[in-house]
Student: 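I'd like to ask some things about the structure below.
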Amino acid sequence: MMRISNEALDVATQRFVLAPDPGEHVVGMLQRAEETPPDAPIVILPPTYGRSMRDYAAVSWFLLGNGFRVVRFDNRCHVGESHGDIYDYSPRTAIADLEAVVAFVRAQLAGAPWALAAFSLGWRWALRCLRDARDLSLLFGIVGVVDMRTTLFHVMEDDWFALHAEGRLPAEGHPLGYLVSSRFLVDSVELGVHDLDGTRRDLERCHFPAVQVIGEADPWVPVMEVEEAFGRSGRHRGRRTVLVLPGVQHELQKNPTAAAMALEQMVISCHEHLYGAAPDEVVAPSLPELVRFKKSGRPTPASAAAA
Amino acid sequence: MSASPIVAERLAAPAATARLHLRLLEGQESIDHVLFNEGDVFRMAPAERRRVSLQLVREAATRYHELCAPYRRLCEADGFSPADLVTSDDLARVPLVPAGAFKRHSLACGDGRAVVKRCVSSGTQGTRSEVPRDNVTLERFVGSVQSIANDVVGLPFRGRVLNLGPDTDEAADLWFAYVMSVLELIYPAQHFVRGGVFDAAGLAAALEAAEPDERLLLVGPPPLFFRFAEYLQERGPRFGLDSAGADCVVVTAGGWKRASAEAIEPCELRARLCEALGLEEPARVRDAFNMVELNTVLIECEAHRKHAPPWLVATSRDPRSLAALPDGETGVLAYLDPTPTSYPGFVLSEDFGSVSEAPCPCGRTAPTVSIERRIKRIESRGCALKMDHSICVQKEAA
């Protein structure tokens with residue numbers, strides 16, 4: 001089903017800069033392979049926590065090499081090229097950034113359908129942003145966080161939400177090595193995106209299909225919680241699918257085999273929902289081709305200055 | 001892989017999940033679980049490690065025997081069948097391909113169409129080895145580098161690589177340089193050899209520009225680190241990476257090769273680098289070992305010992321009989337590496353050294369490999385060419 005390509009994928013890249021708030025820019029890029037029609041379906045790849053659009057080279061290649069246009073971008077107050085420092089990271093800006101990008105994408109569609117594929121915490125913000133969208137064809141998640149409280153407990157080895165409830169929340173912390181204000185946690189609670197109940201309610205109201213790939217051995221996103229969010233209530237409006245990778249943990253980038261399987265499923269699901277049928281084969285980059293592709297997407301000093 | 005009882009039970013009860021379609025994806029091979037999913041692979045109980053090694057080597061031997069005609073001929077000449085691998089004691093019987101054979105023969109599994117990179121050695125001793133790698137083999141190599149580096153060196157989620165070597169374009173097929181350059185798949189990386197020239201001033205500037213809490217990984221061959229230390233000491237003032245708050249780890253790799261006349265002892269190199277960079281602990285400087293025929297990297301622990309992960313069976317062999325030698329005894333180093341799928345990873349190296357299961361001060365239980373020196377050409381004729389001969393003769397007869 002999956003064919004490895006060692007050939008260079010020629011890609012046309014259109015960089016864009018949006019301004020969700022005055023004076024604050026969001027930098028992104030719209031890409032398509034040279035052989036892909038300019039009105040092909042679009043898949044948006046929002047960043048997850050601690051990752052910039054440059055970290056999505058492999059994910060982008062899988063989509064670009066299989067007939068999709070791809071939009072990726074950097075969040076404000078986060079790593080990457082967009083405005084602000086990660087210290088001020090918040091779901092509010094992450095969700096507002098995605099709203100701006102979705103508006104940009106809708107203007108580029110030319111009648112084509114669109115989907116969104118997101119990882120980990122990026123998936124949770126995307127779900128909140130898109131829960132009422134009627135034109136979205138698919139929400140695809142890979143190890144999408146369904147209960148931030150569980151995830152953060154494993155990342156921080158402490159229950160920050162309990163500390164918040166007790167009024168003992170530290171002013172800042174170091175989740176995954178970045179110094180971040182605890183404001184992001186307070187904002188999460190205020191928005192209701194911090195727990196399993198909020199995820200379940202957001203998912204129930206989505207009319208579009210949602211597919212999620214998870215790791216069976218992922219303590220950050222336990223299978224039981226995903227099941228709870230995706231289907232136990234029976235009140236969902238769209239079709240829900242959960243695909244479980246046996247023995248796999250959260251950080252898929254450390255497991256090339258599992259990552260390739262997840263990305264293959266992403267391409268299959270996107271084909272089914274955006275082109276109406278599963279593909280005959282999924283083309284994947286060889287490792288040397290991926291290295292070349294990633295290098296080709298490096299920002300130049302000129303492009304960074306322009307942004 | 002079989003489904004875990006928990007997931008299988010839920011798959012059998014879809015009604016409980018309403019419209020949810022829950023499906024277990026199949027396809028990950030057991031070796032990938034060991035490479036990428038296990039916890040600390042260097043602290044496995046010895047019995048468990050031997051069980052894992054035996055299973056993985058048996059699976060790989062079956063593949064090589066089936067798909068690599070030269071290796072099959074070698075097995076036939078030795079009267080060996082993969083089915084003979086019943087206990088871990090049988091691992092010593094697995095036929096070994098002399099590293100030199102990669103200089104003279106095409107040793108691909110199958111028709112070679114899946115090969116995505118033909119990796120060549122530096123050819124320090126003359127002819128270059130050529131090792132065909134398919135994508136699975138390359139991914140396992142890069143993935144295992146990441147997991148081993150995490151376990152042994154403690155590389156974090158966030159970090160930056162400063163490579164005293166060329167980027168992937170300039171590295172081309174040269175295995176050592178390519179290995180260093182593909183680290184940029186894992187971390188943001190800068191490369192400080194351009195057009196074959198080492199940019200010591202550029203590296204010094206990059207270090208000076210590091211943010212106080214930044215995690216830096218410096219990688220490169222010992223001769224360039226030696227030159228960099230000299231450059232810093234001549235330039236002055238003394239660097240103080242530790243006192244500046246940067247979290248810096250130096251990994252030397254590739255040996256001295258053509259600069260062997262300048263070679264200094266590892267502990268002296270560590271001391272020089274600590275002095276030049278302002279690192280307070282010698283444990284911040286580690287050495288790594290790999291060779292083009294080996295698909296696994298060995299990185300020193302805090303005690304400067306190179307532990308073999310459980311998928312790699314390392315032994316030292318008697319140079320004449322190739323019999324496995326007792327713990328700690330010096331001989332020709334041999335590796336049973338089951339991670340390659342595109343060539344036989346069971347290799348007799350051209351190095352003298354020893355393997356020991358003696359306790360390591362770092363607490364890891366995995367055996368340690370000590371590489372002492374290269375075999376001189378005259379010494380290699382006693383053993384390596386013997387097996388090379390059996391590959392050639394059988395090939396002509398076939």
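Side chains included, hydrogens not; waters and symmetry mates left out as well; all remaining heavy atoms used. In this text, all values refer to a predicted model and were calculated from it rather than measured experimentally. Letters A, B, ... mirror the listed sequences (proteins, then strands); counts begin at 1.
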Student: Salt bridge or not between B:Asp169 and A:Arg292? Use side-chain N to carboxylate O under 4.0 Å.
Tutor: no
Student: Looking only at heavy atoms, what is the nearest atom pair of A:Pro256 and B:Gly143, with distance?
Tutor: CG-CA, 4.2 Å
Student: Using a cut-off of 6.0 Å, state whether more than 12 heavy atoms not belonging to A:Glu157 lie near its atom CD.
Tutor: no
Student: Say you draw a straight line from NZ of B:Lys117 to CD of A:Glu289; how long is it, rounded to the nearest 0.5 Å?
Tutor: 11.5 Å
Student: Go through the atoms of A:Ile4 and report whether side chain, backbone, both or neither lie under 4.5 Å from a heavy atom of chain B.
Tutor: side chain
Student: Measure the spacing between OG of A:Ser286 and CZ of B:Arg133 and express it to the nearest 0.5 Å.
Tutor: 14.0 Å
Student: Under the criterion side chain to side chain contact (heavy atoms under 4.5 Å, CB included), I'd like the reasoning laid out for B:Val142 against A:Leu287: C-alpha separation, chi angles, the key distance, then a yes or no.
Tutor: CA-CA 9 Å; B:Val142 174; A:Leu287 193 137; 3.8 Å; yes
Student: Walk me through it: do B:Asn150 and A:Lys254 pass the test side chain to side chain contact (heavy atoms under 4.5 Å, CB included)?
Tutor: CA-CA 10 Å; B:Asn150 278 333; A:Lys254 291 181 181 174; 3.5 Å; yes
Student: CG of A:Leu290 to CG of B:Leu138: how many Å apart, nearest 0.5 Å?
Tutor: 11.5 Å
Student: Under the 3.5 angstrom rule, does the side chain of A:Asn6 hit a backbone N or O of B:Val116 as a donor-acceptor pair?
Tutor: yes
Student: For the residue pair B:Thr168 and A:Pro288, establish whether any side-chain heavy-atom pair is separated by less than 4.5 Å.
Tutor: no
Student: Closest heavy-atom contact between A:Lys294 and B:Leu185?
Tutor: NZ-O, 3.6 Å
